[in-house]
Structures are given as C-alpha cells and as structure tokens.
Amino acid sequence: MMLEVRDLHALYGKSHILQGVDLAVDEGEIVSLLGRNGVGRSTACKAIMGLVPPVGQIRFKGRSIAGLRPDQIAHAGIGYVPEDRQVFPSLTVKQNLELGLKRAGVFGRWKFDDVFALFPNLGERRDNPAGVLSGGEQQMLTMCRTLMGDPDLVIIDEPTEGLAPRLVEQVGRLLDEIARRGTAILLVEQKLTIALKISHRLYVMGHGRIVFSGSPAELTANTAIRKEWLEV
Amino acid sequence: MEVFVVSLLNGLVYGMLLFMLASGLTLILSMMGVLNFAHASAYMLGAYFAYTISLYVGFWPALIVAPVLCGLVGAAIEMWGLRRVHRHGHIAELLFTFGVALIIEKAVQMTWGLLPVPYRVPELLDFPLFRIYGTQFPAYRAFMLLISALMFGAIWLGLTRTRVGLVIQAALTHPDMASALGHNVPRIFTLVFAAGTALAGLAGVIGGNYQVTEPAMAFTMGPIVFVVVVFGGLGSLTGCFIASILMGLIQTFAVVFDVSLADLLAKFGITVTASTPFAEILTVTLPRIGALLPFLMMVLILVFRPRGLMGTRDT
Amino acid sequence: MRARSGISILLGLVLAIAGMGGASAQQTIKVAYTDPLSGPFAQVGDANLKQMQYIIDFINAKGGALGKKFELVPFDNKSQPSDALIALKSATDQNMPFIMQCSGSNIAAALIDGVNKHNDRNPDNRIIYLNCGAVAPELTNEQCSFWHFRFDLHAAMKAEVMVRALPKETTKVYLINQDYLFGQSVQRELRTYLAKLRPDVQIVGDELIPLGKIKDFSPYITKIKASGAQALMTGNWGPDMNLLIKAGIDAGADLRYYTFYAHLAGGPTAIGAGGDGRVLSVMSFGENVAPELGNKEAEEFTKGFRDKHKFDFSAAGYRTIFEYLQAAVNKAGAVDATKIAFALEGMTIRDFLGFETTMRKDDHQLISEYFVGSFKKGVKYDAENTGLGWATAATVLAKDVDQPNTCKMKRPR
Amino acid sequence: MSAPAIELRDVRKSFGPTEIIRGVNLAIPRGERHAVIGPNGAGKTTLFNLISGRFPISSGTITVNGKSTAGLPPQEINRLGLSRSFQITSIFPRMTVFENIRCGLLWSRGYRYSFWHLLGGQKALNAEVDRLLDRLKLGDRRNVQAGLLSYAEQRALEIGITIAGGADIILLDEPTAGMSHSETDAAVELIRGVSEGKTLLMVEHDMSVVFGLADRISVLVYGEVIASDTPAAIRGNAAVQEAYLGTIAA
Amino acid sequence: MSLLRRNWLWLLALVVLLAFPFLFYDWAKGRHSGFALTLMSEIGVMAIFALSFNMLMGQAGLLSFGHAVLFGLGAYCAAHVVNLVKAGTIWLPTELVPLAGGLGGLFFGFVLGWLATKQRATAFAMITMGLGELVSAAALMFMGFFGGEGGITIDRVMDTSLLGVRYTSPWQVYCLVLAWAFIAAALMRLQTQTPLGRMANAARDNFERAQFVGYDPRRIRWIQFTLAGFFAGIGGGLYVLIYEIVTFDTVSAAKSANALLAVYIGGTGAFFGPILGTIVVVLLQSGVSLLSNAWLLYVGVLFIVMVMYAPIGLVGLIGLHAPIWRAGRLRELLLPYLRALPPALMVLLGFVLLVELTSFTTIGAAQGKHFAIAGRTIDTTSPLPWGIALVALGLGALWLRREARAFRLRWDALMEDAKRQAGAS
C-alpha cells in the first residue's frame, strides 16, 4: 500500500474528532471516503496532510510521515485540495498554478497547457486575478494547482460542493483524467453517484470511525449502511 | 509656487523614507499579525551599523552590509524568539518585541554611547545637486529618493515576479494552503521578518545621516511608522506607499499654510477673541499641529474604515 | 541609608550586586543630583554627571567645605516630575542638604513646589534646591522660593543676550520655537527684547513647532527662505534643533542660526562642518574662552577634563555652583540648609574666569557674565572632534543682564 | 391568522461575483418545527446567517415575528425573539458552564448593561440557570470552564445558550454534527423538549434527526429551495434524491 | 462574622500594608521614610491604574495603548478641583478629591470611548495609541487646562478634611491612598460580578455570540471603557494628592506602557494579578533605577523571559500550584525548588555582573563612576570579574538545566497524582 493510516486520532481543541481511523490507498487507486457532514472526513484529510496534529500511524511509501510539516509531506508526494477552494486571490491564474510546482520550472505529469486544454476558461483568464473567478472555476483551479506539483496521491476534499450540475460533470472528467495519468486519489465525497462511478474502493465514515469498507458493488448492495450513514 | 515645488520635493523625500520603514512593517504585520515594536529599533541599528562600518571601509559597503546585518538580527529574533511566543497570542508577541526594543536601545547606548555619533553623508554625495528658486536641493536627497524608489521597485518586482514573492503573497492569505503545496511557510515567515528588518535597516543607513544618529531615534520614529502602516491598510503595499507619501506631503504642506480654525470661522463672520470658549484650540495654527495630523487621520480612518486606505482586511 | 538598605534587602541580590557609588562615609556633604539618566534624554544627564564629578573632585582637592568633602548622589528621574519628587524624598530621608537639577523647567517647577512644601512641613530636615539649568523665567519670578537658587541665566536674560549679539546689519529675523512653556517663553522674550533693543529689526516669521515630533525640517527652511530672513532665532534643543540646523545647511540657506543650546553635548556632532561660521549659541562657558582671555589657570582646568575624558567640557560653569556652595557652607559654619541658604543670598564670587558674579538676594538668580559662541574652524579647542569649535563672538557682562524681577521672596524666620 | 414567525421573500445574497442564495421564499408558521436540508455548499448556513442578521441580505425581505429585519444588527433581531446556535461551536470558552448559560439569560431578564446588580445575589436568576442546566444534563459540570467540556457537552451548551433567553423562534445550525449515536439521541430529546410550543428552524444532516423532529422540511440546493413539504413527501421526492445523491443513472 | 471570614485576605493585606512602612521608620529621628512611603503610595496608585487597565485588557480583551490618557485627564480634573476648593469657589472634602478625578476620567472615558470602542482588537489598540499621542501633544500646547510644561500644581493641605487631617505628612497621604486603593479595588472586583462585567468577559471570549444573546458588544465596550476611565481617574486624583503636581507625562505613552507591563507581568488570570505586577514594575523602575544604570535592560530581559516562558503571568505561575496544593503535597516541591535556587541565582548573578561590567565599561566610566560591590571597587578592565561572570553564567545555565529537568519530572508526577486524586473524589 502506498498510503497506510492506522488508528488515527485527532483532536480539535477538546473535541475528539477522529477516534481511530484505519484506511489505505494503493498506487493508482481511486478511493472514496464517504460520510455525512461533521463525521470527521475533512479532519482525516488534514491530519494526513499534517495540518491538524495527528496521533497514530501514517505511512506513505513505507515511510512514516506523522509529525512532519505539511510542506515536507507535500514533498513526499501527497497533494491536497481543501474543500474551501483556497485560491490565492491576488495572484493570477497562472501564478496560482506556478505555486503548485514544487520547484520552479520542474514539471511532472501536468503542464500549463494540459490544464488550459482541459479548462479553456482558465486558459482565457490565465492573467486575471484568481479572486474574480467564479466558484466553479476556482474549484478547477485549486485542483489543477495541486496537480502541478505532480503528487503520487492527491487528497481531494469535496470537489463538487456547491457546484452546479454542469460543473459537477467537469469535476468528474478531471478525476478521470487524473486517474488516467496514474495518480492515486483519495476522494472525500457526499455525492454517492460520482463516488460509486469512479472509485475502486470506498470507505464510509461515521462518528470519527470507518464504518464500512468495500467495493462500489458491495456498497450498492448494502442498503443498511447507505440508509444509516449516507442517504436521506 | 516656489514654496509649493520645494515643499513637494521635501514631502516626497520624507514620504519615501517613511515608506522604506513602513514597507517592512506592513509585510510583517499583514503576514504574521505581529505589531513589531522593534521595527524602528532596526532602523536605528541600521544607522549605527552603517556608521561603524563606514568608519572602516566607507559608506558604500555599509549600504549593503548594514541592512544584511539587520536582516540577520531580524532572522534571529524571529527564529529564536517570536516563533516560540507565537502560540501565546498577539499581545505576547507585541510585548516580546517591546522587550526587544528596550534591549536594543540599551545595547546601542552601551555600545555607542548616549550622544549622537558623527555619521555623515558620504563626500561623493555631499554637494547641492541643483538649485530651485534659490534653494539648494542636496544630492543626498536625490540619492535617498533614488534608493527608496529602487527599493520600491525591487519589492514590487520581488513580490510579483519572483517565486518567493508569490509564495509570500500566497502565505499572506492562506498559509495552510501554501504549506500544503510544499512551501516551507515558517521559513517564509523568517524570511519576511528578516527582509522587513533589513529594509528598516536600509532606511536607517540612508536616513541616519540625513537625520541624526542617536539612541533616541528609534523612539521618535516608532509611532509614525505604525500610523503609516495602519492608515495604508493591512496587506497592501500600495496602500502603504500611498500612505507614506501622503503623510510626507501632509506634514510638509501643513507647515506652509498658516491658518487656524479661527481664520475659518472669520470667513463666516465669527471673530474669536481670548474670551471665546475654546479660544486656545480655535487659534491653533496648522503648522503647530502638522506633525499631529497623521495621528488624527489614523484615528479617524480606523473609526470609520477599519481596513485603512487600501487594506484587504480589518486592522 | 536605612530606607535604601531596606529596599535592597527587599529586592534581593540583583540590587545588592548593582550597588554603586562606593563606600559612603558620613563625613561627606551629599548633593543629590537628579536628571534623566536613562531613556531618550539620557545624554543630558550623562554629560552633566561626568562634568560635575570632575568639578567636585577639583573642589574636594581644594579642601571641600568645613573639612568635609562633597559627594554627588545621582538619581534617575527619567524626565518625569514624579520620579524627581521620589528622588527628593529619598534625598531628604538621608538628610542631604542639597538637591540639584539641570534639565527641564517642568521638573524644576515640581521640585520648587516639592521643596517648599517639604521644608514647611519638616522644619528640622530642610533641603536647598540648586537649579543648574532650568531656565523658565517664572521660576525666579512668580514662583520664586527661598529654597531655590538658580545658577544659570533664565530664558529672558538669555534672550536679551542673544538680541544684544545680533549684528547691526541683520534686520530680518525669523523665530522658531518649541510649542511648550519654555519655547513659548523664549518666543515672548525674544519679541520683547527685539522690540526694546533693536526696533530696526523686523520679525518676518514666528513659528511654534510641536515638541520632538518633527522629523524633517525642510518645509520650515523653505518657508524661512521665502520670508527673506537673515537670521533664525531659536530656543530649540535636542533633535528639534539639530534637525533644524541640518536641514537649513543642507538646503544651502543663507542664514545665521542663533541658538541657546547648539553648544551642548551632541549639538556640534549633529551640525558638522556645514555650520562653519553660521551657528551661534548663547552659553555660560566655552572652552576657548579661557585661552582667548589668556587665563592659563582656567585653561588648565578645562584641559584637564578633556585629557581625562576625551570629551568636551561645556559645563565648566558648574564650577561656580560648587564654589558658591563651598563658600556658603563655610560661611554658615554648619551643614544646615537654612543657614546655608541665608549665606548664599547676596553672595558675591569672582568666578574662575575672573568675572564678578552675584547670587541676587531678591530672587536667588545668579547674575554672571555670559557668552555668545560662534561655531568656527581654526579655534584652539574644537568641539566633539569635529574640527570646529566655539569662538567667543560676544561677551555680555553681569550688569547688562541685570533684569528686574517680580519676586516676592518669603524668608523663614 | 397571525403573521408567520419567519418569512423570507425573494431573498438573495451574493459574495463578490458569486450568488450564494438565489431568491429564497419561505414562510414558517408559528409553532412549527422546520428543517432545512440540502447538500454541502447549498447555502444553508448562509441562509441562517441572513435570517439572524450576521450578514446583510443583497435583496429581498426577511420578517421575524412580522417585523422586517432590514438593517437590524444581530442583537436587535435577537430582541425580536429569535435566537440561534452555530454549526461551529460558539460558546464563551473561558467562562464556566453556569456563566455561559447565565449570559444567555441576562438580556431577556432585563439586566441589560447593569453594573449595579451583583449577580451572586440574583437568587431567582441563578435558580433558573440551574434548572436549565439540569434540563441540559450539565448540572454536574456547572463550574467547569466551558472550553474544557467534551464536544458533545459543548454542543449541548451551545443549544442551552441559544434557548436560555426564552426566544420563541429558535434557529439551530446542525445541532448534532459530530455527535455519536447515543449523544445524538439525547440531543434530539433535548431539542424536542426545549422547542415545545416554539418555532424551530434547523439545518441538519443526520436524517434520523430531521425525520424524527421536523414537521416540515425544505430542501435547499444551489441557493434555491427546490421543495418544501412534509417529511413523507420529501422522502418520496425524486428531485430531492437526485440533488442529494446525484443521479445514479448519470 | 461571615463577612469577616470571607474577606480575611483583604483585612490581612490592609494590616500588612499599614504596618509595612514601619520597617523603614527612622526611630532615631522619629520620622517615616518619605521615600518608602512615596514609593508605596505610588504602588497604590499604579495598582488602581493597572486594575482599571485590566478592566479593559483582562476583562474585555481590549488592548489599550492610551490608558494613561484617562488617568492623566482625571488627575488634571482633580488638580483643578483642588485649586477651586482652595480658592473657595467650591467645597469638597480632601478625602473626596480622588472622586473628582474619577468623574473626570468617567467623562473623558465616555467621550474618547465613543471613538475608540467603535472597533476592537488591533484597530482599537491603534485608535487608543493615536488618541494617546494627540492628548499628550495637546497637554504641552494648551496652557489653559494643562498648564503647559510646568503642569498644574496644588497644595493638598486644605481645611476641608472630613476627618480633620491636614495631610501634611506622607504618612497621612499614604493612609488615604490605601483607603482609596481598597475601595477602588473592591469596587472593581465587585464590578466583575455584575451583568456588565460578565458580558464584557463574554464579548471578550466571543463577541459574535454576545450579539446573538441580545447584547451590543460595542455598547458593552463603551460602558466598560467609561467605567475603566472612572477608576483610572480615581488613580489620577490620588496621584495629584501624593505629588501635588500633575504634568503632561501623566498622559504619556510611557505611563500607558507601565500599566500594560504591570498587568502582563502580574497576569490577567486572577483579579490580583495586576497588583502583583504593579509592585514588580514600580520596584524595578523606582528601586533598581536608583542602583543600576542598566535597569532598562533588566526590564527588557524580564519581559522577554516572561513572555517566552510564563505568558500566564506571576499569578498564573502561582495558580499552577493550586492542584498540588489542594492535594496537600506542596511541601514535596520545596526540595526541588531549593535545589533549583542556587543555579538560578548563579545564572542571575553571572548575567547581572556581565551587564553591569559592560555598562560600567562604557557608560559608567564615561560618567566617572566606579563599579563597587560592598564598598570594594571593581576594576572593569581586568579579566577576573569578566571571567567570573561568564563562568557563573555558563556553569549556572548548565546546572540549572539539569535541575530544571529533575524539577519537571517531579512536577509532572505530582500533577498526575493530584489530577487522579481530584478525579477520584
């Protein structure tokens, strides 16, 4: 396994958000982490990324990364796209993308042109400040920015949140493209459809723990878990 | 006209000096939220370093070396002091820098004595550049203008064209995100603090001989720098620039206009005599309070527009 | 020493280690000295302290008074009246007969008031206040006190000296002063004496600036130049004076600067060579006075300090203070404040430069000669290693500055 | 027929170029327990912030108890009888639990900005706070600093502060977010109890909570209310299912 | 009786404070030490001032850089009132002069608070700094109210005393200061328990939540600021009675900074923190400055050490011991403390010696002073004292580190036990 998380705990102030999470992602794999709001999915992502102090074991490519600084973890090969689209508003679209690069001028699987070909909108507005982009464009930009750093695993937190259906499809296409290029994805989602469609495996989280782990088919079959933890 | 043109030039020179001091503080304050009381101390250190260095190797090497030394001092303060204090909150940081300012002042006194030191304009620049309506414009002032303009350009280019600058801008708004993209944000903080201190040091190098290099110079320059930064607005270098020039010009032109509130009232046919209530306040002329106008403006702008002139967020 | 040692115990080791001043035999006559010794104005107190110490050593070498030596006990007042009053309390606790203070009329006013009240309330433990440089005229007029002796000319007298030193060809002057009690009184007195002694002189500008707030004086210089003034008269001190003169010289303004304080520590350094022949200062003493007068003994005395401290000796006039004290204590025959004060009244001494001086009985104001120095190249003793020094441009004698006063002195019975 | 407790007419809100709330119409009659559901980012919390006065609305009108809230700061909307809780726990962390609740009570009991009443002597007030603490099952944590409580306890305290003032309209923003099962059940009971006879508007993700409590449910998707109906009808609404979970067919 | 039992600490403090000056009593001459009394009166005044500052900083989370403005303006008002009383224009007992100062502070707190409390956090701090600069500049410019540089002088000896005391001696004034300090401290303590006081806490913790329970945080800040002005003004009124003069430096930034330092050093965690801090600050400034030239440096170092290692302040540090004390095992800390003492003293000694040596080599020598310990002059140019200082500092630091580690272990163990005990009961 490329990423292995064992018995991960995290505290937010006094509240025990993660209460022993185990999960794993293998190379080139797309894994979804599902669950309702507030069950700790985002915190799990942040803990892996070092943005929230983690307690427990996190190994990436065989090396323990728990306790490292976020930038060290990024350099180890994990990319992270937060849920709240943190574009750097005063920088242009292109500059935002540039900052995704780990080193100036060193490109990996993704180049500027790839991004602009996939999202012509961004290409047209490459010299505009990112702050004036629409919500959807910002979402695409955040994802592409992380990809520029050529991570081997990218953690994407709710990429479709608050997007119009047309844009949701775009996100789906981008995810496909990422997978095609061989980058593993840990996707946090609420929309079952997308997750079921693209994931190799899924985890369902509830109350700070993993409550289900299995293939899309298994989850589709397991009505009880879906009713209890996911659906209306 | 004569007075106007000369005042304009003077205002610009002073404004640019303020800008050199304030730009570093703006970066530090907007990025790290640190009200750095030791900033003006770096200005003083810059002047003293430059004085000592220029005794041995001359002014021009000092122009480079002194700011670098100041930057190193700044980096040390950030790495071994501020970073530890950070988790205790902003008041703790502020008091920490306050303590640093006290120590620097005393250390300067202990090293260079209590009296002004003869830090002089280099001979190469010690001549009147041109005369305008009979007033000499010293070459050194032009040099100051040049250096500060160069510096403004350098900061601007550095922030917008270099990668480090982009990371700094990024870390200004979303430090977590910048670090998740692989940028070492703590190191960026140190860098910014050091750079800000170095800028203040540079201002000291070229301001120290323009003014007087003495242990009280930090104390007298301190408050006005805060005013400029706050007035210009947090997070905005442009705002800081405009505010610096504005403060420079206001203080210069306030001297020129000999008017008081009483004169204004006289226009409306009200004469102020010694027995009028508040006569003392009404008869104060503008030049007398010119140096106070910045503070007044800061209070007013904060009351009605807490983000300052061009700030991106509330002070 | 009870209070001092008590506090020390309280504060513990830190203080014990930092104790200074050395062993204090009870045989000395203690003179409390309070001025800013820390903070932004520390240079004032610092310079005074070292010069006074030199003078005291000299006086003690000449036998002190009543066989006792004088001892200077410094107190830092941080330029705050409240701290000066604490110093006063400390001095009276230790039965010191004198408290001396040189810098700041606000502190002087507080001390006069404090000394008056203390002496009224504690007739058995009185103290004399020796004013060595607070020059607000009020202090020996409206606020005059039996316990206060001023050993420096006050602002009005200095203003008169300055006006008298104004050359005939100067007809347009510009006044610029700090916007507080002292600056305002300098402004008032200059106007008065210009009107009285030099009706031909026109005041083309009159400005008050906020104290210590101006960082750039160029705008003022522009304005002054535009007014056509030939001379600038200012009571400014510290940065307000240094920066003003610097800005004027930088702008190449064809001006002469008449000051009260340019000769004090730090001034010459700040002014530099650009001030050659342009800056004048009203002063009680200059190092070149003695050689100019051909007074070898006085020159030796001055030079002694220079050799020892590698530093100018601008306050040699303080020697007069201690000579007065020496004479008064001897005359009183006891270290008793009341007796000494009576002895001081009306006392006359020939100072070390050879001029006659008097401690005027009516208002306790010293009437002495005064000089106006011009900052020049080619003098015997330069100032602060600048290569320039103070040459005497004018000497004004005691009788000429004998201004009347409005003091209604109340003497104890 | 009295005015509805809360009424929104064509309420819109934009942040910069993006419109978050796109013309919401909603009327909540007195005494109803109403839930707002919808996918993340639909604007539910923003809607709460608009009703409670935390943000000004861009256009439209909101009335609370028949009075327009236009231009009113939050505290004045609160004084109209509306009280809210926060999704991210918002308590007074350095004060004790008891004091937290008391702060919720002070205004409505008329103490206002008094600096002449000593709170220790206000027997009736303190007794009331203690009664409320017992109802919240926080009685034994009375003198603990609120910041040191467990998460679930903080959530309970959050609700406690919200209802303490006795407002007749209560807005709860995800009251059970992050709670365990048993904690959630307790919270539901608590909310049911304290909202008795009052108007309740809540945002909630836990469907058992929503269906257990709400009289009616509105579904907010992408800044618009796409359905507002009884729980049963919502459950059967295909559009809602699609918005929530995406179209399985897609 | 219960009142006595509840407030025994206050009574004890009063007795101690009344007795304390007699430690410095000069029995030979039969008089009090004016210095000690003035210093203690100063502490009393500054304690009121610091407590009122803490009404803003500790209670309401408002950092003011211009609190001295309210103190000073109160003092000016009190001075003018005294002079009016002297002139016979109005009648007011001497004992109530501080109240006049308080009302002045109240008025200016209300007016300036209107501006300042529009904002909070840094903006508030900067507004107060601006106001401070403006008022202190005005104090020099306007003769009418401020009396210019010379300030306003008064004579506190009036015939209007309620108690028939004439306040000629510092001892009488000290008693008055003590009385007012206790009244003011008690009132401020009580104020923390009022609805306003509590809501100030609430608005400090979470101003938004305060809005949603019906309060206008700005109104809270404003009233709190006004009340803080009242108490600062009382301090100012007492200041006038002690020194019989009020000058522009009472409104200066330095004075404001003193309050900030006192409150921070003492700690905002407990009501008495600022008082403790005041004692430290005043002793440092008035005591150490008499003895050492480098006192500013010590102040700077003290602050840095406090900020870095003990941001909870002195009361915070004391408060940390509470669980162990409750567990009744405080005695077990005695030995570790004693063991840490010698190395700590050594470090302190080395450091002070080093600073003093440097200070005497540069400034002191220039002033013609000699560095003397116990009457023996130390030659600052010889290597011996420098060596001693460096060795003491270095070895002390190493030793201290060792002891600190041992101390830490003991401390953690005790804390753990104490917690378990508390949990069990």
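The shown structure was predicted, so the numbers you read here are calculated from the model rather than taken from an experiment. Chain A is the first sequence line, chain B the second, and so forth, proteins listed ahead of strands; every chain is numbered from 1.
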**OP:** With the side chain counted from C-beta on, respond yes when Phe65(E) and Leu94(B) share a heavy-atom pair under 4.5 Å apart, and no when they do not.
**Re:** yes
Original post:
Side chain, backbone, both or neither: which part of Phe37(B) has a non-hydrogen atom closer than 4.5 Å to chain E?
Top reply: side chain
Original post:
Contact part of Leu297(E) toward chain B, heavy-atom cut-off under 4.5 Å: side chain, backbone, both or neither?
Top reply: both
**OP:** Below 4.5 Å from any heavy atom of chain E, which atoms of Leu35(B) appear? Answer side chain, backbone, both or neither.
**Re:** side chain
Original post:
In Å and rounded to the nearest 0.5 Å, what is the OG1 to CZ distance from Thr122(E) to Phe226(B)?
Top reply: 10.5 Å
Subject >> Side chain to side chain, Val284(B) and Phe142(E), heavy atoms closer than 4.5 Å >> reply: yes
Original post:
Any side-chain heavy-atom pair from Leu134(E) and Phe295(B) closer than 4.5 angstrom?
Top reply: yes
Original post:
What pair of heavy atoms forms the shortest contact from Val307(E) to His88(B), and how long is it?
Top reply: O-CD2, 3.3 Å
Subject >> Donor-acceptor contact present, side-chain Gln119(E) to main-chain Val303(B), <3.5 Å >> reply: yes
Subject >> Nearest atoms (heavy-atom pairs only) where Ile127(E) meets Val299(B) >> reply: O-CG2, 3.8 Å
Subject >> Engaged part of Ile312(E) at the chain B interface, taking heavy atoms whose separation is under 4.5 Å >> reply: neither
Subject >> More than 12 heavy atoms from other groups under 6.0 Å of CZ on Phe145(E) >> reply: yes
Original post:
If you take all heavy atoms of Pro223(B) and Met129(E), which pair is closest and at what distance?
Top reply: O-CE, 3.7 Å
**OP:** In sequence, state the C-alpha distance, the side-chain angles, and the governing distance for Phe98(B) and Leu261(E), and then conclude on side-chain contact (heavy atoms from CB on, under 4.5 Å).
**Re:** CA-CA 10 Å; Phe98(B) 186 69; Leu261(E) 297 178; 3.7 Å; yes
**OP:** Drop me the distance from Leu115(E)'s CG to Leu302(B)'s CG, to the nearest 0.5 angstrom.
**Re:** 10.5 Å
Original post:
Is there side-chain contact between Met141(E) and Leu292(B), with heavy atoms separated by less than 4.5 Å?
Top reply: yes
**OP:** Name the region of Ala257(E), side chain, backbone, both or neither, that has any atom closer than 4.5 Å to a heavy atom of chain B.
**Re:** side chain
Subject >> Rounded distance (nearest 0.5 Å) linking atom CZ of Phe303(E) with atom CD1 of Ile103(B) >> reply: 10.5 Å
**OP:** Might you point out which heavy atoms bring Met308(E) and Gly81(B) nearest each other, and give the distance in Å?
**Re:** CE-CA, 4.1 Å
Subject >> Atom group of Val355(E) that falls short of 4.5 Å from chain B, counting heavy atoms >> reply: both
